[in-house]
Amino acid sequence: MIEPNLPGQIVAPFSTRARRAALGASALALAASLMLPAPAFAQASTNVPDPNNSSAAQANPNEAPSDDGDTFGAPLATDAAPGNVAPGNEIVVTGFRAALENAVAAKRTRDVVVESISAEDIGKLPDASIAESIARLPGLTSQRVSGRSNQISIRGFAPDFSTTLLNGREQTSTGDNRAVEYDQYPSEVVNQVLVYKTADASLIGQGLSGTVDLRTIRPLEYGRQVVSIGARGTYADAGKLNAGSQELGYRVNATYVDQFADDTLGVALSASYLDEPYQIQEYNAWGFDTANPATPGAAVIGGSKSYVTSTTLTRLGLQGTVEWRPTDNITTTVDAFYSDFNDDQIKRGIELPLSFAGTVTDAAGNSVPKSPLTGAVVTDGLVTSGTFNNVEAVVRNDSFERSAKLYSFGWNTRWEGDNGWAAQFDASYSRTDRNEIVLETYGGTGFGANTGATDTIGFVTGEDGTTFDPGLDYSDPNLILLTDPLGWGGANRQAGYYNDRDVKDEIKQFRAELEKELDGGFLASVRAGLNYTSRSKDLTPTQFFLILPSDALTQVIPDQYVLESTDVSYLGLGPILSYDPRALLDGGVYDRTPNLTNDVISSAFLVEEDVFTAYAQGTIDQEVGDAELTGNIGVQAVFTDQSSSGLVFNGAGFSELERGDDYVDVLPSVNLSLRLPSDWVFRLGAARQMQRPRMDDMRVANGYGYNTQEEIITGSGGNPYLRPIRSNSFDVTVEKYFGNSGYVAAQGFYKDLKSFVYNLEVPFDFAGFPLPTGAPAGTPTLGRNTQPINGEGGSIYGVELASTLQLGEVVSALDGFGVTGGGSYTKTEIVPTPGGEAEDIPGYSRWVLNGTAFFEKWGLNVRGSVRYRSTFVGELSGFGAQRTRRRALDETIVDAQIGYDFASGSLNGLSLFLQGQNLTDAPFVTINGDERAQVIDYQTYGRRFLAGFSYKF
């Protein structure tokens, strides 16, 4: 008898035509306990679910799809090639090679286009971060935020176009929108990740670009008792950039799996705790001015913000699963996941108003630049060096504290009759409570403009941003005072700002499904189901101006708060005065005055959605000569009722307003796979897809303020009537498998977007609205307002190449060596603005390449990975949490790992490893429009080194 496999092990399997019997297993069983036949030339074999285990899919109601229909919710079991290794002659493969082979099996056995990652062992994904692992899959990539990947782009679409499930269930997000931030999910509690690239009628909550399903272990399918522990230390080589920050961190984890009561009751428990630092050097330009009188027509830096940021991440992750199988026909499962996440940042730096500093009136009554430019050197239309005079700098000591708690619960009961009928019911609940506190404090040489000491600052602008040569000592506590240096607050005398954002996100989901196997004919089974999802998300902002007590204009920083100076000399600015802004606030150095302006009040929102989905699907399993045609055909009918409420200005004050809409989408889909005996698979997929709009775009309120550069009133708001982005999507894939040891694949896709959501700016008369803060009396009421609307779509299409090869299968001398990776080329022709030109949508990179080379033998494992993405439009968030889109330059990320696994003796079960991340210290760079020489953001994160162990009893 073949024992169930552990994650990270593959055992050469049993028979060849086991498809129908095997359909009772889940994709998790595919990664954790499977066995299936290998071709004679393969050293390790294909995984398929045990045909005697008919309940493996019970906990995954969104298992997409049941490719044969004999057991609903189960993956397809693939026929094996001749030359199987007979039971009793099993060859066991472990570690990274086993994880790759499990991934190959998952891709091969599905009738949807899918990519996957499997754990190398209990609590051990290939990377320290789930997002890093997912970003290495073909056609996928990530954008780094604060030095780490936490959101995923699929096939050139921004994260907002995909959805994330946990064990097949929809999840809330720690962000303002729908996109899940993967920082919330410890890699140690996830056993497998499936990324569905094509649509399927039985997959609920799917995204337009793809659907990511995070899977945890199933204890009954795992089939063994195990206790695993692990720990690692982290070193950030950028050093301690801020006083009190750290360069060392750690992570610990533990997993327990066991079965009781004659293997009818199973328990899986996992815990992970993380405390790790990140250090960031970040330069930001306000923009570039082409109207400076000293260099007319040439672009010169308008101003800058230069920071060093120190971040400490702490996260507690807990996961548990209880499976109970009281009879052979009934299995019930309860899942729970909890994450307590904290991101604590200190940012210190200098803000320099330069060419955008504004104008003053000289003695002759002429308007002249406040900070005149002299000695300018112009190269190819860009001012590459010069000197700004009369500069009034702002010393910044800011903090950002983000805490989020995520709760996720699920209950599933599955019944399988002896007469071909099957049924299941699933209920789940997901909730995220998030709080952000953004604290800004300002220092300068005097209150308001033209009252304190000014500086003469030389500068050099190049491909790494701009470096400076100041004349003042910004670390002198007698020179730098707490104040409103540039009069930003007007009458409020704003010496700082406090922004408290509270976000709650909640999902309730209920699903029932019925399936019937059919005897003979083109369809192997039919299924039908109903799903109801209720979601609500609300944002409550509370904002304050920070002022000095007794209406003081300036305040010397009390000695007890002064810390070691912060060094920003990487941009030539030298040391700056440093203190803990939270300590000043708690110590009564600041008073708080509420900000009740329209733009603050209108940023609050409550968006609610009730989504009812009815679906029907037939699975296909038909012999075509020596080949086999498998797949499914189905349809979803999605009924959506959405509403948005918030406070809006009614001419005399604020009143609550609620608006919304309802609509119906019919989403047919078909997936076909022609499987040849020679291990070729030809796939075809077609579907109507949709992606509901961003939740913050659906807010009902409108905010506005005074644009000091243009001296007009500008505003922006949401649109509670927004409809989804819809697409007719097509996929064609050709794959060649070498057992389960490897494959090569070419995938083509085309998405014809029938609609798109874009922001439209139109003239708007703010007559009757209160004059915004900072607007002088007599400011014209006619300004501009921006609002998201449904506009025309376009097309996005591309080709993906992917491969996993065990080189020892080709040349025996290379046994243990292998490569895996892929590349994609994507083209967009989306014209969101009627009559406009095609635009790059956020997240779109034309080229995405990734590859990993590895050696694994004799317990030694070594691998190196490279990830590349070409230029793209990135979404950034400032301290005010406002979205900003800028073009990011191409980047290449290099990581490596070396480890050793003890397989015998007293150390059996012990694994040691050393990892290096971002080994080339690749920066994150954005530019002004398409002007590559005009750098807006230049961030460096340093290298990270991790050393640790895992031990499995």
Side-chain angles (χ1 to χ4, degrees), residues 145-146 172-177 181 183-184 307 309-315 339-348 396-406 431-442 482 484 488-489 492-506 536-549 579-607 645-648 654 656 695-696 699 701 703-705 716 718 772-773 876-884:
V145 177
S146 297
T172 53
S173 167
T174 56
D176 285 351
N177 190 36
E181 297 178 337
D183 283 340
Q184 290 293 120
Y307 287 111
T309 301
S310 299
T311 297
T312 299
L313 296 183
T314 59
R315 181 191 60 210
S339 175
D340 186 351
F341 177 86
N342 287 276
D343 182 352
D344 192 348
Q345 292 186 11
I346 286 290
K347 299 171 72 75
R348 295 189 174 101
R396 300 285 295 267
N397 280 251
D398 303 339
S399 70
F400 172 85
E401 186 174 5
R402 185 187 205 190
S403 60
K405 294 183 183 347
L406 189 154
R431 178 184 175 94
T432 296
D433 296 328
R434 178 183 118 222
N435 179 254
E436 290 178 353
I437 296 178
V438 181
L439 174 58
E440 301 179 357
T441 64
Y442 318 133
L482 301 178
D484 184 352
W488 286 341
N492 289 308
R493 299 179 178 179
Q494 179 180 337
Y497 200 75
Y498 185 93
N499 186 354
D500 185 347
R501 306 175 80 244
D502 192 70
V503 180
K504 297 188 184 303
D505 194 359
E506 184 179 61
S536 66
K537 190 157 193 166
D538 67 88
L539 165 65
T540 304
T542 307
Q543 300 184 23
F544 299 89
F545 298 106
L546 299 186
I547 61 175
L548 299 173
Y579 52 87
D580 184 345
R582 286 171 286 201
L584 265 64
L585 183 63
D586 295 340
V589 176
Y590 295 108
D591 290 336
R592 294 190 289 187
T593 298
N595 183 357
L596 301 178
T597 55
N598 172 270
D599 57 332
V600 174
I601 295 174
S602 65
S603 65
F605 67 82
L606 169 62
V607 174
S645 58
L647 295 175
V648 297
F654 292 95
E656 186 170 353
M695 302 190 81
D696 50 0
R699 70 187 188 276
Y704 63 96
S716 64
T773 300
L876 295 87
S877 177
F879 261 16
Q882 298 294 320
R883 280 186 295 150
T884 300

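These values consider heavy atoms only, across backbone and side chains, with no hydrogens, waters or symmetry-generated copies.
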Least distance between heavy atoms, Leu539 atom then Arg501 atom: CD2-NH2, 3.4 Å

From CA spacing to verdict: side chain to side chain donor-acceptor pair (under 3.5 Å), Asn595, Tyr498: CA-CA 9 Å; Asn595 183 357; Tyr498 185 93; over 6 Å; no

Side chain to side chain contact (heavy atoms under 4.5 Å, CB included) partners for Asn342, two or more places apart: Thr314, Asp340, Ser403

Gap between atom CE of Met695 and atom CG of Asp538 - 0.5 Å precision: 9.5 Å

Within the 6.0 Å centroid threshold, strictly below: Tyr497 and Phe544: no

pair Glu656-Ser645: side-chain heavy atoms closer than 4.5 Å: yes

Rounded distance (nearest 0.5 Å) linking atom CZ of Arg699 with atom OG of Ser603: 7.5 Å

CG-CG distance between Asp500 and Leu439, expressed to the nearest 0.5 angstrom: 11.0 Å

Smallest separation among heavy atoms of Asp696 and Asp176, with atom names: OD2-CB, 4.0 Å

Least distance between heavy atoms, Gln543 atom then Val600 atom: OE1-CG2, 3.4 Å

Donor-acceptor list for residues 580-592 side chains, cut-off 3.5 Å, not counting sequence neighbours:
residue : atom : partner : partner atom : Å
Asp580  : OD1  : Arg582  : N            : 3.0
Arg582  : NH1  : Asp344  : OD1          : 2.9
Arg582  : NH2  : Asp344  : OD1          : 3.2

Sequence-distant partners of Ser173, side chain to side chain contact (heavy atoms under 4.5 Å, CB included), two or more places apart: Asp505, Arg535, Lys537

Student check: side-chain heavy atoms of Arg348 and Asp398 closer than 4.5 Å: no

Listed partners of Arg402 passing side-chain hydrogen bond (donor to acceptor under 3.5 Å, both in side chains), at least two apart: Glu181, Glu436

Sequence-distant partners of Thr441, side-chain hydrogen bond (donor to acceptor under 3.5 Å, both in side chains), two or more places apart: Tyr579

Pairwise side-chain contact, Ile437 with Asn499, heavy-atom cut-off 4.5 Å (strictly under): no

Polar side-chain atom of Asp484 near backbone of Gln494 as donor-acceptor pair, under 3.5 Å: yes

Separation of Lys347 NZ from Phe400 CZ (nearest 0.5 Å): 9.5 Å

Side chains of Ser339 and Arg315 in contact at under 4.5 Å (non-hydrogen atoms): yes

Partner residues of Asp433 under the side-chain hydrogen bond (donor to acceptor under 3.5 Å, both in side chains) criterion, sequence neighbours left out: Arg431

Heavy-atom closest pair, residues Ala404 and Gln184: CB-OE1, 4.0 Å

Step-by-step side-chain contact (heavy atoms from CB on, under 4.5 Å) determination, Leu406 to Phe341: CA-CA 8 Å; Leu406 189 154; Phe341 177 86; over 6 Å; no

Qualifying residues under ring pair (Phe, Tyr, Trp, His ring centres under 6.0 Å), relative to Phe605, sequence neighbours excluded: none

Residues in side-chain hydrogen bond (donor to acceptor under 3.5 Å, both in side chains) contact with Asp343, at least two apart in sequence or another chain: Arg148

